Amino acid sequence: MRALIKLGWILAVCVPLAGACGDGEVGGDDDDVTGDGGVSGDGGGHACQEHCPDAAPPSACRLVDMIIAVDPSGSMTEELVAIRDIVFPAFAQRLPQVGMGLDNFRVATLDACPDPANYHTTNSAGADCNFSSGQVWIDSSSPNLNAEFACVGDLDKRNNCTGDNDDEQPASAAAASLEPPYSTGPNAGFSRPEALLVVLAITDEDEQPVPNATAQEVYDRLVATKFGDPKRIVFVGIGGGQPGGCNGAYGQADEAVKLRQITDLFMAQDRGVWWDLCQGNLEDGLDEAFAIIDRACNELPPIP
């Protein structure tokens, strides 16, 4: 009886995921599916992998936590329009398609100043975006998902940075938002241990941490927030990629040397995407980002 139950579980779960292991057959005889039951939890998962090796593992992510950290300085006028009109609508439409279909995703918006590193709930006019989650982030269950993205995508630029380059540190601000006092204060509950973390950092200048920090130090801060495992993070860096800067599709952009270095560290783990503002076409950059997000989601390691 246990063998029949387990075989039924494999047919119901593994076959749809793996395309019936390529040929429509699970394979094996009753001896292959006997054991101590395990129709759920670790035992069932091992059975699925044994009989359908191409199936996504049971540990593949069902949850995504995303932080969009944006340089709000005056030079970002054209980029902010693109972010509002292209980036936010794209995530609203495409995040539900990640992996084999997410159970839940949440998106927090942050300017590139870590003082304070609390997530935004208002637009540039200070009007409340009224997230249906009742939290400081957008939740995928919202019946007003597009409207919430549109509201917060009109970025609120209020912060305590002076504008003398200290508000151009999107990666550092994202890291600060995941650390105390913000992770235990205004942003409490956002980051879930079992979720894939996606950080999208955008500036038309460069990552300029205050106090100064190397690309490795910023990378290490972010990785430390996810059990020290870079495979649990996807980092998308968007900045100028031309030596000497450029006057591109979204206006002027300096070469973002440090932001690119941070991104390269994640790219070395197959968890990073770099997009050059100078070449425009943010839509194409988002296509690359979603390809990496999808792969990372399906390869997400189990919680240690």
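Not measured: the values here are computed from a predicted model.
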Nearest atoms (heavy-atom pairs only) where Ala112 meets Pro114: O-CD, 4.0 Å
Interatomic distance, Thr203 atom OG1 to Leu277 atom CG [nearest 0.5 angstrom]: 8.5 Å
Between Gln252 and Asp204, a side-chain donor and acceptor under 3.5 Å: no
Distance, nearest 0.5 Å, that separates CD1 of Ile233 from CZ of Phe227: 11.0 Å
Shortest non-hydrogen contact from Glu148 toward Cys129: CG-O, 4.3 Å
Within residues 156-250 or reaching into it, pairs that qualify as disulfide bond (SG atoms under 2.5 Å apart) - sequence neighbours excluded: Cys113-Cys161, Cys246-Cys278
Among Glu168, Gln208, Gln169, side chain to side chain contact (heavy atoms under 4.5 Å, CB included) partner for Asp71: Glu168
Hphob cluster co-occupancy, Met267 + Leu200, side-chain heavy atoms under 4.5 angstrom: no
Distance in Å, Phe105 CZ paired with Arg62 CZ, rounded so as to fall on 0.5 Å steps: 13.5 Å
Intermediate values then yes/no, side-chain contact (heavy atoms from CB on, under 4.5 Å), Ser177 and Ile67: CA-CA 9 Å; Ser177 77; Ile67 298 172; 3.7 Å; yes
Same apolar cluster: Ile238 and Trp274, side chain cutoff 4.5 Å: no
Steps toward side-chain hydrogen bond (donor to acceptor under 3.5 Å, both in side chains) verdict (Thr225, Glu179): CA-CA 7 Å; Thr225 69; Glu179 300 167 340; over 6 Å; no
Single-linkage hydrophobic cluster Leu265~Leu259, side-chain heavy atoms < 4.5 angstrom: yes
Side chain proximity check, Val70 to Leu110, heavy atoms < 4.5 angstrom: no
Derivation and outcome, side-chain hydrogen bond (donor to acceptor under 3.5 Å, both in side chains), residues Thr122 and Asp128: CA-CA 4 Å; Thr122 56; Asp128 197 321; over 6 Å; no
Flag, side chain of Ser142 to backbone of Asp139, donor-acceptor distance under 3.5 Å: no
Path from Phe290 to Val107 over hydrophobic side-chain contacts below 4.5 Å: yes
Nearest heavy-atom neighbours spanning Cys151 and Ala127: SG-O, 4.3 Å
Reported OG-to-CZ distance for the pair Ser183 and Phe190, which is rounded to 0.5 angstrom: 12.0 Å
Shortest non-hydrogen contact from Gly244 toward Glu255: N-OE1, 4.0 Å
Side-chain H-bond candidate by donor/acceptor type, Asn104 with Ser140, under 3.5 Å: yes
Within one Ile-Leu-Val-Met-Phe-Trp-Tyr cluster: Ile138 and Leu286, side-chain cutoff 4.5 Å: yes
Residue pairs, two or more places apart or on separate chains, that pass ring-ring contact (aromatic ring centres under 6.0 Å, His included) and touch residues 201-223: Tyr219-Phe266
Between Asn144 and Ser132: side-chain donor-acceptor atoms closer than 3.5 Å: no
Salt bridge Asp206-Lys258, side-chain N to carboxylate O under 4.0 Å: no
Ring centres under 6.0 angstrom apart (Trp137, Tyr119): no
Test side-chain contact (heavy atoms from CB on, under 4.5 Å) applied to Asn298 and Leu300, step by step: CA-CA 6 Å; Asn298 287 322; Leu300 191 70; over 6 Å; no
Closest approach of Val199 to Ala174 (non-hydrogen atoms, all atoms of both residues): CG1-CB, 3.8 Å
Heavy-atom donor-acceptor pair, Asn187 side chain to Ala117 backbone, under 3.5 Å: yes
Interatomic distance, Arg106 atom CZ to Gln135 atom CD [nearest 0.5 angstrom]: 7.5 Å
Sidechain-backbone polar pair: Asn281 side chain, Asp284 backbone, donor-acceptor under 3.5 Å: no
Side-chain (Arg232) to main-chain (Pro193) donor-acceptor, under 3.5 angstrom: yes
CA sep, side-chain torsions, deciding dist, call: Val152, Asn123, side-chain contact (heavy atoms from CB on, under 4.5 Å): CA-CA 5 Å; Val152 78; Asn123 65 11; over 6 Å; no
Salt-bridge contact Glu299-Lys231 (side-chain N to carboxylate O under 4.0 Å): no
Sidechain-backbone polar pair: Glu217 side chain, Thr214 backbone, donor-acceptor under 3.5 Å: yes
Closest approach of Ala171 to Leu222 (non-hydrogen atoms, all atoms of both residues): O-CD2, 4.2 Å
CD1-CD1 distance between Ile68 and Ile202, expressed to the nearest 0.5 angstrom: 7.0 Å
Under 3.5 Å: donor-acceptor pair, side chain of Glu288, backbone of Val273: no
Residues Ile293, Leu196; criterion side-chain contact (heavy atoms from CB on, under 4.5 Å); working and verdict: CA-CA 9 Å; Ile293 292 169; Leu196 176 71; 4.2 Å; yes
Residues that Asp270 engages under salt bridge (Lys or Arg N to Asp or Glu O under 4.0 Å), provided they are two or more places apart: Arg295
